[in-house]
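Below is one structure, written out as structure tokens, with a few remarks after it.
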Amino acid sequence: MNSTPSSTPHPTSTAASGRALVLGGGGSTGNAWLIGVLAGLAEANLDVTDADLVIGTSAGSTAAAQIAGAAATELYAAVLDPHPTASPGSTTGPAPSRPVSDHLERTGRIIASSKDAGDMRRRMGVLAMDLAAAHDPTARWRETVAARLPIRNWPNHKLFITAVDAHSGEPAVFDSSSGVDLVDAVAASCASGFAYGIGDRRYIDGGYRRNENADLASGFARVLVLSPFGGRTRMPLEWGMQLAAQVEELRARGSRVETVFPDGEAEHLFGANAMDFSLRPAAARAGHRQGEMLAQQLTDFWCRSAEIPVLQRASQKNKSA
């Protein structure tokens, strides 16, 4: 099967009045924090998972697929379960084949020696394909990712899953029209340390395009960005990959943008600790607290000028439940 993801999807004709939810990368703890924020907001009567467009990158792609098939509160409960299984929301699975610090060191050298973002992506692709040639865990990784998702098919709402073509270094954006299974799209977006195979192509982590990829929401009236890495980037600022540059681009095109970062007390849960599964409950709780605290502020942003006020929507949901 030949996958044909778009590099930069164009907004639909209705995008000008739409809302986009952007879920950035951040490892296992980042996924837990994202779920926590969404659950905290939901429990405070703000459901942002009803966005017209959801953009998921790396750990955020897993969260984006998870909320398409299960309530954020259900996913949050699964993260806190002291005896996790392969239920939706859990990200149990094998530890990285090499220490995270080693991976950061190798990729850091590539970043430092690259002339620009395109050159960096190509070099990352070469490294990842070399690792896959030595040991290709594509099949096992697909099983792991599939166990994390409550659904296997693309949802009805618009969903973008980002990755990078390991052969060319070109950005790739999967959606329901790409001819790629949702599980494969998420597995590719989360592929760290090796190049994930889909048909005759291989892909690496979507965070190498941009960590949040919020610019893909261009044209949407309101854009909410949840960034486990706090908008930080390992790339040189002149490459323009940082979230601040993405937000500036969106606002220049008329979007209202709000960003949510982990608070200072939770920063130690990310970065080098991002793949520590034991920290997932703490990251989820930190996100949940933030979601509850930010709900009132974000309700005004998310629901203003909406056709149906938030309380009315909540009432309608309760009636239909």
Side-chain angles (χ1 to χ4, degrees), residues 1-12 20-26 53-65 68 107 110-111 114 116-133 136-138 141-142 145-146 149 152-155 157-219 233-235 239-241 243 245-246 249:
M1 177 183 65
N2 292 322
S3 55
T4 56
S6 169
S7 59
T8 307
H10 296 288
T12 65
L21 173 65
V22 180
L23 305 177
L53 168 66
V54 179
I55 298 168
T57 295
S58 195
S61 73
T62 304
T107 55
I110 290 177
I111 293 168
S114 298
D116 55 30
D119 185 37
M120 177 273 298
R121 293 187 192 104
R122 288 188 291 273
R123 291 173 182 237
M124 292 292 186
V126 170
L127 171 64
M129 286 194 293
D130 286 345
L131 292 172
D136 186 5
T138 288
W141 181 234
R142 191 183 195 281
V145 171
L149 306 185
R152 302 292 185 272
N153 298 320
W154 289 89
H157 66 260
K158 185 169 285 294
L159 170 61
F160 290 165
I161 301 295
T162 66
V164 170
D165 188 308
H167 301 268
S168 65
E170 289 297 313
V173 182
F174 298 104
D175 63 13
S176 60
S177 67
S178 299
V180 170
D181 289 345
L182 177 62
V183 173
D184 282 320
V186 173
S189 187
C190 296
S192 179
F194 80 104
Y196 181 82
I198 304 177
D200 60 358
R201 307 299 292 179
R202 287 189 175 272
Y203 298 90
I204 59 175
D205 196 301
Y208 290 122
R209 180 189 181 276
R210 276 177 156 177
N211 198 58
E212 297 83 11
N213 292 299
D215 58 293
L216 294 175
S218 176
T233 181
R234 300 170 63 205
M235 313 301 171
W239 292 0
M241 298 180 69
L243 179 58
Q246 300 169 48
E249 293 167 18

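No hydrogens, no waters, no symmetry mates; every other heavy atom, side chains included, goes into these values.
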Can you check whether [X] reaches [Y] side chain to side chain, under 4.5 Å on heavy atoms?
X: Asn211; Y: Met235; result: no
X: Val164; Y: Tyr203; result: no
X: Ser61; Y: Cys190; result: yes
X: Val145; Y: Tyr196; result: no
X: Asp181; Y: Arg152; result: no
X: Met124; Y: Ile111; result: yes
X: Leu182; Y: Leu159; result: yes
X: Met120; Y: Arg234; result: no

Looking only at non-hydrogen atoms, find the nearest pair between Ala132 and Arg202 and report the distance.
CB-NH1, 3.9 Å
Between Ser178 and Asp175, is any side-chain donor less than 3.5 angstrom from a side-chain acceptor?
yes
Can any side-chain N or O of [X] pair as donor or acceptor with the backbone N or O of [Y] at less than 3.5 Å?
X: Thr57; Y: Asn213; value: no
X: Trp154; Y: Val180; value: yes
X: Arg209; Y: Ala172; value: no
X: Arg121; Y: Pro171; value: no
X: Ser58; Y: Gly206; value: no

Step through the shown structure and confirm whether more than 12 heavy atoms of other residues, nucleotides or ligands are within 6.0 Å of CG on Asp119.
yes
